[in-house]
Number of protein chains: 4
Amino acid sequence: MWLQVDPRAPTPVYQQIVDGVKAAVAAGWLAPGDRLPSVRDLAVALAVNHNTVAKAYQELERSRVIEVIRGRGTFVTRPSRTPPDAAERMEKLRDALRLAWIEAYHLGLTDAEFERMFHQAGEAARGRADMEGV
Amino acid sequence: MWLQVDPRAPTPVYQQIVDGVKAAVAAGWLAPGDRLPSVRDLAVALAVNHNTVAKAYQELERSRVIEVIRGRGTFVTRPSRTPPDAAERMEKLRDALRLAWIEAYHLGLTDAEFERMFHQAGEAARGRADMEGV
Amino acid sequence: MWLQVDPRAPTPVYQQIVDGVKAAVAAGWLAPGDRLPSVRDLAVALAVNHNTVAKAYQELERSRVIEVIRGRGTFVTRPSRTPPDAAERMEKLRDALRLAWIEAYHLGLTDAEFERMFHQAGEAARGRADMEGV
Amino acid sequence: MWLQVDPRAPTPVYQQIVDGVKAAVAAGWLAPGDRLPSVRDLAVALAVNHNTVAKAYQELERSRVIEVIRGRGTFVTRPSRTPPDAAERMEKLRDALRLAWIEAYHLGLTDAEFERMFHQAGEAARGRADMEGV
DNA sequence: GTGGTCTAGACCACG
DNA sequence: GTGGTCTAGACCACA
């Protein structure tokens, strides 16, 4: 299964689903046009309520990651259009990176070490496991 | 004031204080040995409940960013020792970077663009404003 | 083709057909007395289920936009007679305009700008493309 | 009460709440800075589930109509910033007006009558009851 | 006390 | 069968 969920984690379950689907798309495990499991099927697979999955799907649709075709199911979009909230998301992304640098400082990482971690995270996001320890 | 807080932001106020102090230390605005305002003074200055500041200080102490010396006040620590929760925080940091890469993908950023954003965020974290647009 | 349908749009397909036919009549592309394609032909042409087209035709007949003559086909009516649900539809129309004004307010449009948009929409409904940007 | 809801109406209850709040703001019954009822209070006042109100509030926050201040409640925003999805909403608004023109045609309204209805709807949206019948 | 999340189970519109 | 909505009732984090 390309998706797992931890109900005890601090981040909401629906958010974990959103992140998981985005990750699967970014890694290429889900290609544009691919069909996602139905809300209810995914719900039983993850052992969560179908409302939780539905909320995640709605959020993903708002972000233009998936697309609902009425009565037929939900599909990964072709990445044609830029999402409407792109500017806000860019700002959040910038801030996340800033906070990451700050945390790296407090963990005593050198710039070189942190850059290495950064690139390894990129490999991980692409679905290629990092081959070396940290 | 080297610290500001926005009660309307989605991130909890106590977390904003934690992030703000860490940022100030990483940027060099607060040096090891510097004394922080008392919980109550900072609460007044930020116009928040003192419980909120106390919670932030506790978290900062757990992360070994500050140190409470009874009867003397709270001070910025030297970042020499590795904090007890280092492993966990490293894992979180790695995950944050992974999620950032994924978000960059969905925002249509090229690797080069994203790396540039990454390094600019590093400059920002060090307190140096980035001189070029994005 | 004077009718197109987008299964990914949020508005139901049968409603899109209803709107499309009404638009074609209002714009003059379909004149009173003109014959519409059969349910099955239109279903094939639009690549939708014939039940969907049938539902649309029923709604159009209830609104007195089209007329089914048994054994002959379905035809565009003369807009002479007032449909039986006129009162209800007037109320809906009034409400749609009210909601439009509210939305205009929240989008920061001035009254003048919104009136201009209103008249441009009228031109568009008549099938004349608006010649100036917005 | 400045808000009512009809559970038997075809439009979802949460949407009715969204529309109602937007209407109240546009009419000036709710001014920027005003506090909205708590999710649970409004829920009992409208005799709906609190989840339904919560969904409406979240939608309103996404549209930048209201703002949540942590632990203190939700407030009508000052209309400073343009919502991130303004372009899409403009497009929808334009389309709503186009459909309104089409419906007016099929109801046999003259342009003058429809324009009059349009302006009366504007008055209604501003909270001034229209003084003449239609 | 505030909003946010989640479950279990129901009903509905659409295709 | 698909997603969407709603209820009743629970628990949690935050201020």
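Just so you know, these numbers come straight off a predicted model, no measurement behind them. Chain naming here is simple, since letters A, B, ... match the order of the sequence lines and numbering starts at 1 in each.
- If you measure from atom CZ of B:Arg8 to atom P of E:dG3, you get 17 Å, rounded to the nearest angstrom.
- A:Glu67 has its CD atom 15 Å from the C1' atom of F:dG3, to the nearest Å.
- Listed by chain and number, the residues in a side-chain contact (heavy atoms from CB on, under 4.5 Å) with B:Tyr57 are B:Leu36, B:Pro37, B:Val39, B:Leu42, B:Val53, B:Leu60, B:Ile66, B:Thr74 (sequence neighbours excluded).
- Every residue meeting the side-chain contact (heavy atoms from CB on, under 4.5 Å) condition with A:Gln58, not counting sequence neighbours, appears here in chain and number order: A:Arg62, D:Lys55.
- Between D:Arg62 atom CZ and E:dG3 atom C1' the separation is 15 Å, expressed in whole Å.
- Take the nearest nucleotide of DNA chain F for A:Leu36 and for D:Gln16: the residue whose nucleotide is more 5' is A:Leu36.
- With sequence neighbours left out, A:Glu103 forms a side chain to side chain donor-acceptor pair (under 3.5 Å) with B:Lys22, B:Arg89.
- Looking at C:Arg98 and C:Asp95, a side-chain N of the basic residue comes within less than 4.0 Å of a carboxylate O on the acidic one, giving a salt bridge.
- Residue A:Val48 is in sugar-phosphate contact alone, with no base atom involved, counting any heavy-atom pair closer than 4.0 Å across all strands shown.
- Listed by chain and number, the residues in a side chain to side chain donor-acceptor pair (under 3.5 Å) with C:Asp85 amount to none (sequence neighbours excluded).
- The closest side-chain heavy-atom distance from C:Phe75 to C:Val68 is not below 4.5 Å.
- For A:Ala87, there are no side-chain contact (heavy atoms from CB on, under 4.5 Å) partners two or more places apart in sequence or in a different chain.
- Nucleotide F:dG1 holds its P atom 17 Å from the CG atom of A:Leu42, rounded to whole Å.
- Evaluation of the side chain to side chain donor-acceptor pair (under 3.5 Å) rule for A:Arg70 yields no partner, not counting sequence neighbours.
- One finds no side-chain N or O of D:Ser38 lying less than 4.0 angstrom from the OP1 or OP2 phosphate oxygen of E:dG1.
- In this structure, D:Asp41 places its CG atom 8 Å from P of E:dG3, rounding to the nearest Å.
- We find that CD of D:Gln58 is positioned 15 Å from C1' of F:dC6, with the value rounded to whole Å.
- Legend: residues meeting side-chain contact (heavy atoms from CB on, under 4.5 Å) with C:Arg8, ordered by chain and number and at least two apart, are A:Glu67, A:Ile69, C:Asp6.
- Comparing the start and finish of the helix from E:dG1-F:dC14 to E:dC14-F:dG1, five pairs each, the helix axis swings through 20°, to the nearest 10 degrees.
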Going 5' to 3' through nucleotides 10-15 of chain F, assign each nucleotide B (protein heavy atom under 4.0 Å from a base atom), S (under 4.0 Å only from sugar-phosphate atoms) or - (no protein heavy atom that close). BB--SS
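- One interatomic measurement links the two molecules: CD of A:Glu59 to C1' of E:dT5, which rounds to 14 Å at whole-angstrom precision.
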